[in-house]
Amino acid sequence: MKKVEDYYVPWVKGIPMYVSGHIELAWRRPELHRMMSNENPNPPSKHVMAAIEKFGAMANRYPDQGLVVRSKIAEINGLDGPENVMIGNGSSEVYDNIFRMFLEPGQEVIQHTPCFGIYKLRGTILGGKMVSVPMIYKDKYLHFDADSMLKAITDKTKIVVVANPNNPSGNFMDSKDILRIAETGIPFIIDEAYVEYAGLTKSYVGLTKKYKNVIITRTLSKAYGLAGMRFGYALADKDVIAQISGALLPWNVGTIPMWAALAAFEDTEALAERVKFNNNAVDFITTELNKVPGLVVFPSQSNYILFDCGETGKKGKEVVAYAESKGIILRPETEKYGSDGWFRITIGTKEENKMVVDVVTEFLTK
Ligand SMILES: Cc1ncc(COP(=O)(O)O)c(C=O)c1O
């Protein structure tokens with residue numbers, strides 16, 4: 001008789017549950033300052049809270065497939081209607097759905113690294129092969145490398161994914177490079193998780209009208225400040241949305257997040273406040289930490305900032321450990337480009353931002 005292990009799908013065998021160690025730590029030790037996961041430090045607005053309460057009282061009812069909130073999203077983005085919008089339980093679920101509709105075992109997804117780790121996790125579940133094209137580290141800046149991304153395309157390429165702005169580098173790809181990738185006809189996911197911080201004028205949603213292969217993804221986890229609620233969406237041509245929606249789990253987005261999301265979209269003032277607060281904080285931390293000799297501060301259009309302290313003689317992991325000893329959780333980054341000085345700071349409250357500047361400055365200059 002065969003063992004149960006022999007029946008597992010070969011490419012999923014041994015894949016562990018995804019556990020984000022620093023998020024586990026933050027929930028275990030709530031006294032620590034969470035400056036590691038690109039969350040929003042501000043709690044939901046009172047309008048969102050009212051929707052959570054109102055629809056919490058109707059939690060005995062199944063949700064629909066989000067017709068009202070999808071219509072609102074279409075309106076905000078200048079699209080025809082709900083047929084251009086698919087919603088998910090966070091944008092992580094949205095990639096999962098898209099990947100399922102394009103990727104077969106052995107086929108390839110091109111990503112631009114360093115980048116968000118979930119693309120790889122979801123691609124691997126499907127037996128896909130991730131082709132990672134590194135950004136170029138030059139003149140204290142991480143440059144997108146569209147030439148190498150285009151060169152990496154093979155007849156097995158099923159998806160190209162670019163976060164724009166990118167996590168963790170914080171910058172946008174040039175529009176001419178976005179267009180060059182769109183022109184290939186290969187399904188091209190532009191992950192706009194952080195685009196609201198720079199404004200929707202930076203979005204490439206308009207391309208979905210010309211290029212059926214362009215799919216935009218967004219989330220409420222960042223500028224809208226609803227990471228724990230889990231709500232994300234995809235925008236694309238209606239035929240493409242219809243096809244990728246075929247893989248949706250029925251009732252994947254619950255009644256409460258769906259209506260709370262609608263309240264968040266309607267509360268434009270709350271979004272504007274959060275964006276303004278964030279962008280001021282990015283300026284503050286950038287200016288202050290640029291004063292540390294040898295520290296490379298990457299310009300960010302998002303709610304986090306990437307650093308390379310390799311030249312200071314200290315390691316990124318040491319900065320993170322020191323910050324933790326002072327009560328702040330930061331995000332270490334793997335060694336790359338011959339430097340072990342990488343770390344990332346997520347914007348916190350005003351007090352937290354001041355504190356992180358002091359702690360990092362103290363550690364790197366002593
Ligand atoms: C590039 C990128 N995309 C998407 C997400 C958000 O995922 P979700 O919508 O599942 O919270 C993140 C979160 O860190 C991210 O960095």
Side-chain angles (χ1 to χ4, degrees), residues 18-23 26 34-41 44 66 69 73 85-99 109-123 125 130 132 135 142 144 159-173 178 188-198 202-204 215-235 248-249 252-254 257-258 260-261 264-265 274 278 282 298 300-306 329-334 343-348:
Y18 176 72
V19 178
S20 164
H22 42 270
I23 294 179
R34 305 169 71 126
M35 304 187 79
M36 71 305 173
S37 293
N38 303 349
E39 297 165 334
N40 195 311
V69 71
I73 293 169
V85 184
M86 183 187 85
I87 58 174
N89 198 3
S91 54
S92 299
E93 190 188 51
V94 170
Y95 313 126
D96 190 66
N97 253 286
I98 300 171
F99 282 24
V109 178
I110 299 178
Q111 62 175 6
H112 208 22
T113 52
C115 71
F116 187 44
I118 303 292
Y119 314 136
K120 180 165 186 203
L121 288 176
R122 303 322 302 168
I125 292 283
M130 296 311 286
S132 296
M135 297 177 89
L142 279 168
F144 286 90
I159 293 170
V160 178
V161 57
V162 169
N164 204 48
N166 184 44
N167 171 17
S169 57
N171 51 343
F172 283 100
M173 185 180 247
I178 294 271
F188 178 23
I189 304 177
I190 308 177
D191 177 349
E192 297 186 341
Y194 301 94
V195 76
E196 293 88 357
Y197 291 114
K202 287 281 201 176
S203 170
Y204 285 96
I215 304 171
I216 306 291
T217 61
R218 303 254 188 84
T219 180
L220 260 62
S221 300
K222 309 301 174 183
Y224 285 95
L226 295 166
M229 199 177 78
R230 314 303 302 134
F231 187 95
Y233 55 100
L235 307 170
L248 276 183
L249 277 174
N252 64 323
V253 176
M258 186 184 289
F265 289 124
R274 283 161 179 70
N278 178 79
V282 169
F298 291 81
S300 174
Q301 308 234 45
S302 299
N303 70 343
Y304 48 83
I305 306 173
L306 180 67
I329 317 177
L330 300 182
R331 177 70 177 249
E333 289 276 329
T334 52
F343 65 99
R344 193 189 69 192
I345 297 178
T346 299
I347 300 308

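Quick note: numbers below take in every heavy atom, side chains included, and nothing from hydrogens, waters or symmetry partners. Count residues from 1 along the sequence. Each ligand, and each atom within it, is numbered from 1 in the order the structure gives.
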For [X], counting its heavy atoms only, list the atoms of ligand 1 lying under 4.0 Å from any of them.
X	result
G90	9 (O), 10 (O)
R230	8 (P), 10 (O), 11 (O)
S221	8 (P), 9 (O), 11 (O)
A193	2 (C), 3 (N), 4 (C)

Among all protein heavy atoms in this structure, tell me which lies nearest to [atom], with the distance rounded to 0.1 Å.
atom	value
atom 4 (C) of ligand 1	Y95 OH, 3.2 Å
atom 6 (C) of ligand 1	S91 OG, 3.6 Å
atom 13 (C) of ligand 1	K222 NZ, 2.8 Å
atom 3 (N) of ligand 1	D191 OD2, 2.7 Å

Y194 near ligand 1 by a heavy-atom separation under 4.0 Å: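 Distance cut 4.0 Å: Y194 passes for ligand 1.
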Any E93 heavy atom less than 4.0 Å from ligand 1: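 It does not; every heavy atom stays at 4.0 Å or beyond.
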Quick one: are [X] and [Y] in side-chain contact, heavy atoms under 4.5 Å?
X	Y	value
I189	V162	no
S221	M229	no
N166	F172	no

Any side-chain donor near an acceptor of the partner, Y194 and N38, under 3.5 Å: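 The criterion, which ignores hydrogens and geometry beyond distance, is satisfied for N38 and Y194.
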Note: K222-E196 ion pair, threshold 4.0 Å (strictly below):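 Judged by the 4.0 Å cut-off on N to carboxylate O distance, K222 and E196 do not form a salt bridge.
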Under 3.5 Å donor-acceptor, Y197 side chain and A223 backbone: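 Indeed, once roles are kept as given, a pair shorter than 3.5 Å links the two residues.
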Value rounded to 0.5 Å, distance of CZ in R274 from OH in Y224: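 Taking CZ in R274 and OH in Y224, the distance rounds to 11.0 Å.
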